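Please read the structure below before turning to the comments.
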Amino acid sequence: QVHVVESGGGLVQPGGSRRVSCTVSGSIFGVNPMAWYRQAPGKERELVAGIYPGGTTKYLDSVKGRFTISRDKAARTVYLQMNDLKPEDTAIYYCKVPYRGKDNWGQGIQVTVSS
């Protein structure tokens, strides 16, 4: 009922930039928290950045100053602008939208940082 779709993944050179997008549709209303997570092979999924109804944002320490999360409420889309990308940022990036006690996840998009 709640559909979460990410886009914008791909191969990026170290030091490069990429913007990924997450669009939500379906039976969801109001203002909701939205967040980007990532998971590298053999590692736990971790919160990269989150944006909340009051405008508060949170970032993983290793991406502070490089990544920026923002939201376009009318477009029902959250963005993650990633600058100065490093090989350590390589992972599958997932968008999460909690709604009525349930976490709704996108399928994930691969972001690979390599020369």
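Everything numeric in this text was worked out from a predicted model, so none of it was measured. By convention here, the first residue in the shown sequence is residue 1.
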Exercise for the section: Please determine if Arg19 forms a cation-pi arrangement with Tyr79, meaning its NZ or CZ atom is less than 6.0 Å from the six-membered ring centre and no more than 45° off the ring axis. Expected result: yes

Handout entry: Donor-acceptor contact present, side-chain Thr56 to main-chain Gly54, <3.5 Å
Key = no

Handout entry: Backbone N/O of Ile51 and side chain of Thr57: donor-acceptor pair under 3.5 Å
Key = no

For the [atom1] atom of [X] and the [atom2] atom of [Y], what is their distance to the nearest 0.5 Å?
X	Y	atom1	atom2	result
Glu46	Trp36	CD	CH2	14.5 Å
Ile69	Lys58	CD1	NZ	12.0 Å
Ser21	Asp72	OG	CG	10.0 Å
Gln107	His3	CD	NE2	11.5 Å
Leu80	Tyr59	CG	OH	7.5 Å
Tyr37	Asp103	OH	CG	7.0 Å

List the atom of [X], the atom of [Y], and the distance in Å for their closest heavy-atom pair.
X	Y	result
Gln81	Ser17	NE2-CB, 4.0 Å
Val4	Cys22	CG1-SG, 3.4 Å
Gly108	Tyr94	CA-CD2, 3.5 Å
Val20	Gly9	CG1-N, 4.2 Å
Ile92	Gln110	CG1-OE1, 3.3 Å

Exercise for the section: Indicate yes or no: does Asp89 engage Lys86 in a salt bridge with an N to O separation below 4.0 Å. Expected result: no

pair [X]-[Y]: side-chain heavy atoms closer than 4.5 Å:
X	Y	value
Val2	Lys102	no
Trp105	Arg45	yes
Cys95	Val78	yes
Pro14	Ser114	no
Pro98	Lys96	yes
Val12	Thr112	no

Practice task
Would you please test Met34 and Arg71 for side chain to side chain contact (heavy atoms under 4.5 Å, CB included) and show each step?
Solution key: CA-CA 9 Å; Met34 299 179 75; Arg71 175 161 52 193; 3.7 Å; yes

Practice task
Determine whether the side chains of Arg38 and Tyr93 contain a donor N or O and an acceptor N or O closer than 3.5 Å.
Solution key: yes

